[in-house]
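For the numbers below, each heavy atom of this structure counts, side chains included, while hydrogens, waters and symmetry mates do not. Starting from 1, each residue takes its place in the sequence as its number.
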Amino acid sequence: MHIVSLAGGIGGARFLRGLRATAPDAQITVIGNTGDDITLFGLRVCPDLDTVMYTLGGGINEEQGWGREKETHTVKEELAAYGVEPQWFGLGDRDFATHIVRSQMMEAGYPLSQITEALCARWRPGVRLLPMSDDRCETHVVITDEQGRRAIHFQEWWVRLRASIPAESIALIGADTARPAPGVLEAIEEADVVILPPSNPVVSIGTILQVPGIRDALLAKTVVGVSPIIGGAPVRGMADACLTAIGVETSAQAVLELYGADLVDGWLVAPEDDGVAVDGIRVQARPLIMHDADAAADIARAALDLALDLNR
């Protein structure tokens, strides 16, 4: 069985770990969000790709869900001593190594897809991890603050400001000319089922769907999604701020409608949201909190079972 999954950061990575556990014999291809990517200190940082890679490879900081375990921050402290900005985005010493390798390979002319494959050769995540595109795409956010109305990188809005200033709009810069990375469309074409984890529907899953060709390819497939919203609130993070920015209510119903009945065939919601309904989509209610690895595997199994049942 070939499963394709679109994924963002922490929630997506933990769901994927559950999916891998519940379908150990399946071929799993993960299409990762790169809209969060940013260049810091001369290095290219790919937060979502790395979170998936570290989580599935056993190197993630489990408590915070991102970054490396047993991390130190000597380089960060030294950069701060020099007054180097930005100081609001802290990279750990172990994490720096990944970004150095990636940046050296980029400088040598390798595309991100090949670089990601090379990095995964160390971590052996048990899935094929592909960036959504080799082309540079970055999510930017328009805000108005004491400096006036301006566009900033998504990471500054998310990490430094903690989404405390309302986003007037969110845009994926470069999306209009981006192409899916090699292997992305082929993986979708060969997929038996496609699963959307409970990742941010605007700046994770929604970003991947903006790359020309990806959404169209998914329309021909059985797609099951797991709601990232439970009882009107995000399971994790600040997805509500992102949804508000694009004029969408923070609810399992609204996110399902955002994805659309043309894309999604099945939708898992929490018991609190039983009653969500869209014509043509099979909705099932079940517990969706990934409080441990077993719970994540149970949720992944429910999504996979629904997808396989829809395929019959």
Side-chain angles (χ1 to χ4, degrees), residues 3-9 11-12 15-16 19 29-36 48 132 137 139 169-172 175 180 184-185 187-188 191-270 272-286 288 299-300 302-304 306-307 309-311:
I3 304 169
V4 166
S5 185
L6 279 57
F15 176 87
L16 289 168
L19 180 63
T29 299
V30 178
I31 302 170
N33 168 46
T34 61
D36 291 8
D48 283 1
M132 66 187 195
C137 299
T139 301
S169 63
I170 299 175
L172 181 62
V184 167
L185 296 183
I188 295 173
D192 297 300
V193 298
V194 177
I195 297 179
L196 308 181
S199 295
N200 191 305
V202 180
V203 295
S204 292
I205 304 298
T207 300
I208 299 169
L209 293 174
Q210 288 185 59
V211 177
I214 291 183
R215 184 184 178 98
D216 287 344
L218 291 171
L219 296 181
K221 294 295 173 178
T222 298
V223 178
V224 168
V226 180
S227 176
I229 305 298
I230 294 179
V235 176
R236 182 184 181 94
M238 300 166 284
D240 51 340
C242 298
L243 289 165
T244 298
I246 64 170
V248 174
E249 180 186 64
T250 302
S251 70
Q253 175 79 36
V255 172
L256 177 55
E257 293 172 355
L258 174 66
Y259 286 150
D262 60 333
L263 175 68
V264 177
D265 301 286
W267 187 239
L268 292 184
V269 300
E272 296 94 316
D273 298 305
D274 193 12
V276 167
V278 170
D279 288 345
I281 300 177
R282 190 184 302 178
V283 180
Q284 291 184 356
R286 64 156 344 271
L288 293 184
I299 297 166
L304 183 56
L306 177 56
D309 190 48
L310 287 166
N311 257 354

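Listed for the Asn200 side chain is no donor-acceptor partner under 3.5 Å among the backbone atoms of Ile205. In this structure, Ser199 contributes its side chain and Gly8 its backbone to a donor-acceptor pair below 3.5 Å. Asp273 places a side-chain N or O within 3.5 Å of a backbone atom of Gly231 that can act as its donor or acceptor partner. A distance-only check finds a donor-acceptor pair linking the side chain of Asn311 to the backbone of Asp192 [under 3.5 Å]. Judged purely by atom type and a 3.5 angstrom limit, Lys221 uses its side chain to pair as donor or acceptor with the backbone of Ala191.
With values rounded to the nearest 0.5 angstrom, Ile229 atom CD1 is found 5.5 Å from Thr250 atom OG1. A distance of 8.5 Å separates CD1 of Ile170 from CG of Leu243, quoted to the nearest 0.5 Å. The CG atom of Asp48 lies 9.0 Å from the OG1 atom of Thr34; values are rounded to the nearest 0.5 Å. For the atom pair Ile195 CD1 and Leu6 CG, the distance stands at 11.0 Å (nearest 0.5 Å). Expressed to the nearest 0.5 Å, how far CG of Leu219 lies from CD1 of Ile214 amounts to 12.0 Å. Considering CG of Leu306 and CD of Gln284, their distance stands at 4.5 Å, rounded to 0.5 Å.
Checked by atom type, the side-chain pair Asp265/Thr222 shows no donor-acceptor distance below 3.5 Å. Between the side chains of Ser251 and Gln253, no donor-acceptor pair is found at a separation under 3.5 Å.
Counting only residues at least two apart or in different chains, ring-ring contact (aromatic ring centres under 6.0 Å, His included) contacts with residues 231-256 are absent. For residues 230-248, the set of pairs meeting the side chain to side chain donor-acceptor pair (under 3.5 Å) definition, not counting sequence neighbours, is empty.
Side-chain contact between Leu268 and Val283 is absent, with no heavy-atom pair separated by less than 4.5 Å.
When every heavy atom of Gly213 is checked against every heavy atom of Leu185, the shortest pair comes out as O-CD2, 3.5 Å.
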